[in-house]
Amino acid sequence: MVSQSLTATLLLFTTFLFISRSISAVHSLPRLNATTNDLTFIRTSCNVTLYPDLCFNSLAGYASAVQNSPARLTKLAIGVTISKAKSTALLLSKLSRSTAKVKDCASYLKDALDEMRDSLRTLRNISRGIGTTAAVPSSVEMFRFKMSDVQTYMSAALTYEDTCTDEYEEMDEAGGTKTSVYDRVNNLKRLTSNALALVNSYANNGAP
């Protein structure tokens, strides 16, 4: 009986180690494939943000895909922020029955998500050369014109997130729900701020 219990315990421990190593390998793979130059590019690019360490940590795992491209880095930063916004919005939707403030914040985050998606869609169109018109004849002028739209979208997204946290700061009630929502949205705001900073940098320096 003791032998069977010991065998089961060893088997469980071995399985745990295998799963842990597998997960670690999957998450570490992009960074291991990245060159020093790739990581240095992201680190240097993140210096324009208000939260450079968060910026680097959230993007470094994709350094091998960025490959010193400001366009790819900017799209990646927005994509990572969208992913975080989705998970935060999902959490808020589950908590929205607890208080009207949570429901309002969930609505604001949905609006922020729409703005982020518009910004990413516009960036992709810029990369494909879509959107040139008679009113915007040259590639440089078109780039600047479209990037101003991206800046507007990301600024609007950050404004929606600010509105959510501003309302929470005015709440008298305290508790786990308020803290959880406030912390999640604040973290999202930092990512959005970083993405906007990279958008601004690309808009100022990335014209063809």
Set of residues satisfying side chain to side chain donor-acceptor pair (under 3.5 Å) with respect to [X], sequence neighbours excluded:
{"X": "Asn187", "result": "none"}
{"X": "Ser107", "result": "none"}
{"X": "Tyr51", "result": "none"}

Please lay out, stage by stage, how Leu92 and Lys103 fare under the test side-chain contact (heavy atoms from CB on, under 4.5 Å).
-> CA-CA 7 Å; Leu92 264 61; Lys103 186 175 183 179; over 6 Å; no
If you define the side chain from C-beta out and look only at heavy atoms, does anything of [X] sit under 4.5 Å from [Y]?
{"X": "Val185", "Y": "Cys105", "answer": "yes"}
{"X": "Pro52", "Y": "Thr49", "answer": "yes"}
{"X": "Lys146", "Y": "Asn125", "answer": "no"}

List the steps, then state whether side-chain contact (heavy atoms from CB on, under 4.5 Å) holds for Val140 with Arg144.
-> CA-CA 6 Å; Val140 173; Arg144 290 173 178 168; 3.7 Å; yes
Taking only residues two or more places apart in sequence or in another chain, which ones pass side-chain contact (heavy atoms from CB on, under 4.5 Å) with [X]?
{"X": "Ser45", "value": "Phe41, Leu73, Leu198"}
{"X": "Ala89", "value": "Leu109, Leu113"}
{"X": "Asp183", "value": "Thr179"}
{"X": "Leu50", "value": "Ser193"}

Mind checking what makes salt bridge (charged side-chain N to carboxylate O under 4.0 Å, His left out) contact with Asp162, not counting sequence neighbours?
->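 Scan of Asp162 (salt bridge (charged side-chain N to carboxylate O under 4.0 Å, His left out), adjacent residues dropped) gives Lys189.
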Point-to-point distance, once rounded to the nearest 0.5 Å, from [atom1] of [X] to [atom2] of [Y]:
{"X": "Asn200", "Y": "Asn205", "atom1": "CG", "atom2": "CG", "value": "10.5 Å"}
{"X": "Asp149", "Y": "Thr122", "atom1": "CG", "atom2": "OG1", "value": "6.0 Å"}
{"X": "Ile42", "Y": "Leu76", "atom1": "CD1", "atom2": "CG", "value": "7.0 Å"}
{"X": "Ile82", "Y": "Leu120", "atom1": "CD1", "atom2": "CG", "value": "5.0 Å"}

May I have all residue pairs that pass salt bridge (Lys or Arg N to Asp or Glu O under 4.0 Å) and include part of [range], sequence neighbours excluded?
{"range": "residues 65-83", "result": "none"}
{"range": "residues 112-122", "result": "Asp114-Arg117, Asp118-Arg121"}
{"range": "residues 43-57", "result": "Arg43-Asp53"}

Between Tyr108 and Tyr160, what is the ring plane arrangement, given parallel below 30°, perpendicular above 60°, and tilted in between?
->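 The arrangement is parallel - the two ring planes meet at less than 30°.
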Under a 4.5 Å side-chain heavy-atom rule over Ile, Leu, Val, Met, Phe, Trp and Tyr, are Leu196 and Ile78 clustered together?
->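 They do share one cluster, since a chain of ILVMFWY contacts under 4.5 Å joins Leu196 to Ile78.
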Does Ile126 share a hydrophobic cluster with Tyr153, counting links as ILVMFWY side-chain heavy atoms below 4.5 Å and allowing steps through other members?
->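 No; Tyr153 is not reachable from Ile126 via cluster members.
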Non-hydrogen atoms of [X] and [Y] that approach each other most closely:
{"X": "Leu59", "Y": "Ala77", "value": "CD2-CA, 3.9 Å"}
{"X": "Arg190", "Y": "Leu54", "value": "CB-CD2, 3.5 Å"}
{"X": "Ala195", "Y": "Thr81", "value": "CB-OG1, 3.8 Å"}

Walk me through it: do Tyr202 and Val150 pass the test side-chain contact (heavy atoms from CB on, under 4.5 Å)?
-> CA-CA 11 Å; Tyr202 183 44; Val150 178; over 6 Å; no
Is the side chain of Thr152 donor-acceptor paired with the backbone N or O of Ser148 at a distance under 3.5 Å, no angle test?
->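 Side chain of Thr152 to backbone of Ser148: a pair is present.
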Does Ser119 reach the main-chain N or O of Met116 with its side chain, forming a donor-acceptor pair under 3.5 Å?
->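 The answer is yes, because a donor-acceptor pair under 3.5 Å joins these two groups.
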Please test Thr35 against Asp38 for side-chain contact (heavy atoms from CB on, under 4.5 Å), starting from the C-alpha separation and ending with a verdict.
-> CA-CA 5 Å; Thr35 66; Asp38 293 336; 3.1 Å; yes
